[in-house]
Amino acid sequence: MKFLMITKSIPGAPPPTPDQMMELGRFTEEMIKSGVVLLTGGLIRPSTGMQIRSAGGKISVTDGPYAETKELIDGFAIVEARSKEDAIAHATRFMKIVGDAEGEILRIFSSEDIPPH
Amino acid sequence: MAGPHETRATIDAIWRLESPRVIAGLARIVRDVGLAEELAQDALVAALEQWPASGIPDNPGAWLMTTARHHALNTLAHGKMAERKHRDLGRQMDALAGDADRIQTELAANMDDDVNDDLLRLVFIACHPVLSTEARIALTLRLLGGLTTEEIARAFLTSEPAIAQRIVRAKRTLADKQVPFELPRREELEVRLTSVLEVVYLIFNEGYASAVGDDWMRPALVEDALRLGRILSGLAPNEPEVLGLLALMELNASRAAARTDAAGDPILLLDQDRARWDQLLIRRGLAALARAKALTAAGVGGDSGAGPYQLQAAIAACHARARDPADTDWAGIAALYAALEGRAPSPVVSLNRAMAVAMADGPAAGLALVDALASEPALAAYPLLPSARADLLSKLGRLAEARGEFERAAALTGNKRLRVRLLARAAACGDVPPPERR
């Protein structure tokens, strides 16, 4: 099963040190090599993120309610895990490297979610 | 830092990912895969005891390896192995006594530099030709996929003791035949690699063929095989067939969601909703295929051109690239099947080639090739031969003959749903008298 993982830094938290960045790179490479991470990248959300909303046929786009802090680096990954617990284990290791941050683990809908009749 | 996430399930998840490296590292030192796995299990037991209280270490893989080495050193030093309930283990450890100095030195040295080579050795030994195909599959899922015997048993619809015994026997065979824990020599590399790729592809197909089941464990085999394929392509990034197999699996898996309808009936490739194909997997498959092609073009893997996996992946890629079935490069597919006939001849491949030719050059050209296969003994009871013939005959307006072939195909198939469909197509050919049998 696939999961979308999104992390965002907490405003005011210190930016990652070069050591942390190196460790993060090493971890990411390991997870790609072991076939867990299928796609990953950074998100420039804090300064340029936008929100789009559709309500009653009207589309509105607004700049996200994010702090204008350039140092914040957000990221995402699509991972393939055998279970929810596997996904949590991967995310836990990631979080231990990045330090203070918060994120979401979202299961991606797949054909397995359609019950056979 | 005990928390709700430091559960057994989380530790199992870490184990699944880290255990192959731990087992591989130990196997290099003790030169016995069964013993290495037992020693690695000791580290898992220690993790289960300590992590709930201490929290998961920052680098759990290194922790497991260090702990396993430590346990191995202790048991060697104190000769405790003989007391262990596992008699085999005691015997094996005793046998190693003469080699104790080397083993102790290597266990104490913290050499993790060649962990990739260790993993590759583990892959090759799990897929060693002295083992039966079933044993290779079970051992590969266990040692490299990190699956429990229970999980393997569920995936293969068999009992846990049966799988456990299969694995025990496999390890014993490796020990009895004194299969060395080393990379194959250059001259046997191709044969050994073929065995590895075959095992991974069998695991993939075991899951892929059971697209919709009551049990999610079988479809999960597709992901396990993909994971193994991705690991392999990281370990052997310059082997074109490793990348070819990975590309084939990623591309085939990309269609998983579109392969069956709501009732669980299979949907043929050309009738599938292509919007439901997984573009991420397609992209990954095409990237792996491009790397395989580049290696082949550079002359890696011999001068006989693309291998069977790469060719099958290239065929899958032709479909993946076509946004609409009408955009399919059928001439390209026909040429790839012709190449595949050369590399891995089989009547089924020839039949597929004939159908691609029919799509590229018209039903008459395809029919000529299909008719040439009519006397092929391997296809005598193969329902897809008459159904392919029927399809082409109906396109040529030879409805009476088509009807007879659809009925023949229906009689040959063991699949109830397919039989209903074939009989419906037979009926659609109209009520014309069947042709005289040739």
Side-chain angles (χ1 to χ4, degrees), chain A residues 1-5 16-17 19-20 22-41 76-100 102-117, chain B residues 3-18 20-21 55-61 116 145-147 151 211-214 216-217 219-220 223-235 237 246 250 255-264 276 278 280-281 283-284:
Chain A
M1 48 191 83
K2 295 195 189 69
F3 293 84
L4 171 64
M5 298 190 179
T17 64
D19 276 359
Q20 273 174 305
M22 226 171 72
E23 179 63 11
L24 200 58
R26 201 196 56 77
F27 174 72
T28 306
E29 198 189 316
E30 179 192 323
M31 296 303 268
I32 291 172
K33 269 192 182 167
S34 54
V36 172
V37 168
L38 304 185
L39 183 70
T40 183
F76 75 95
I78 293 178
V79 307
E80 193 147 80
R82 216 167 197 279
S83 65
K84 191 180 99 185
E85 288 74 19
D86 278 28
I88 293 170
H90 302 324
T92 302
R93 285 193 62 196
F94 175 84
M95 284 301 200
K96 287 202 169 182
I97 297 170
V98 295
D100 289 355
E102 58 187 34
E104 279 182 274
I105 303 172
L106 302 161
R107 167 107 181 264
I108 297 175
F109 188 86
S110 82
S111 55
E112 291 158 38
D113 298 302
I114 310 166
H117 348 170
Chain B
H5 295 319
E6 263 83 329
T7 57
R8 169 83 206 224
T10 305
I11 296 175
D12 283 348
I14 291 173
W15 177 252
R16 191 192 308 291
L17 213 62
E18 302 292 344
R21 269 178 286 222
I56 290 169
D58 289 344
N59 191 338
N116 279 1
L147 268 64
E151 288 168 330
V212 178
D214 300 335
W216 60 270
M217 288 299 293
E223 291 175 8
D224 288 323
L226 273 167
R227 202 155 54 84
L228 289 169
R230 290 171 192 148
I231 294 171
L232 261 183
S233 69
L235 294 174
L246 178 61
E250 301 262 19
R255 300 195 298 267
R259 288 170 70 223
T260 46
D261 63 18
R276 301 189 67 197
D278 187 328
L280 173 59
L281 293 187
R283 222 187 61 171
R284 292 176 59 91

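Order of the sequence lines fixes the chain letters, A, B, ..., with proteins taken first and strands second; residue numbering starts at 1 for each chain.
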Exercise. What's the verdict on side-chain contact (heavy atoms from CB on, under 4.5 Å) for Val79(A) and Met31(A), showing C-alpha distance, side-chain angles and the deciding distance?
Worked result: CA-CA 9 Å; Val79(A) 307; Met31(A) 296 303 268; over 6 Å; no
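- Interface remark: of the candidates Glu80(A), Arg93(A), Lys33(A), Glu85(A), Glu80(A) forms the most heavy-atom pairs closer than 4.5 Å to chain B.
- By the 4.5 Å heavy-atom criterion applied to side chains, Asp224(B) and Arg82(A) are counted as neighbours.
- Contact of Glu30(A) with chain B is made through the side chain alone, with heavy-atom distances under 4.5 Å.
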Exercise. Given the rule in the side-chain contact (heavy atoms from CB on, under 4.5 Å) test, do Leu38(A) and Arg230(B) qualify, once you have shown the distances and angles that lead to the verdict?
Worked result: CA-CA 10 Å; Leu38(A) 304 185; Arg230(B) 290 171 192 148; 3.2 Å; yes
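- Only the side chain of Glu18(B) comes within less than 4.5 Å of a heavy atom in chain A; its backbone stays farther off.
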Problem set entry | Derivation and outcome, side-chain contact (heavy atoms from CB on, under 4.5 Å), residues Leu232(B) and Leu228(B) | CA-CA 6 Å; Leu232(B) 261 183; Leu228(B) 289 169; 5.8 Å; no
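- In this structure Arg16(B) satisfies the side-chain hydrogen bond (donor to acceptor under 3.5 Å, both in side chains) test together with Asp86(A), Glu151(B), sequence neighbours excluded.
- For chain A, the option among Leu17(B), Asp278(B), Ile14(B) with the highest count of heavy-atom pairs below 4.5 Å is Leu17(B).
- When heavy atoms are compared at a cutoff of 4.5 Å, Ala87(A) does not approach chain B at all.
- Only the side chain of Leu281(B) comes within contact range of chain A, judged by heavy atoms closer than 4.5 Å.
- In this structure, Ile105(A) and His90(A) have side chains that are not in contact, with every pair of non-hydrogen atoms separated by 4.5 Å or more.
- In this structure, chain B has a heavy atom under 4.5 Å from the side chain of Ile78(A), while its backbone stays farther away.
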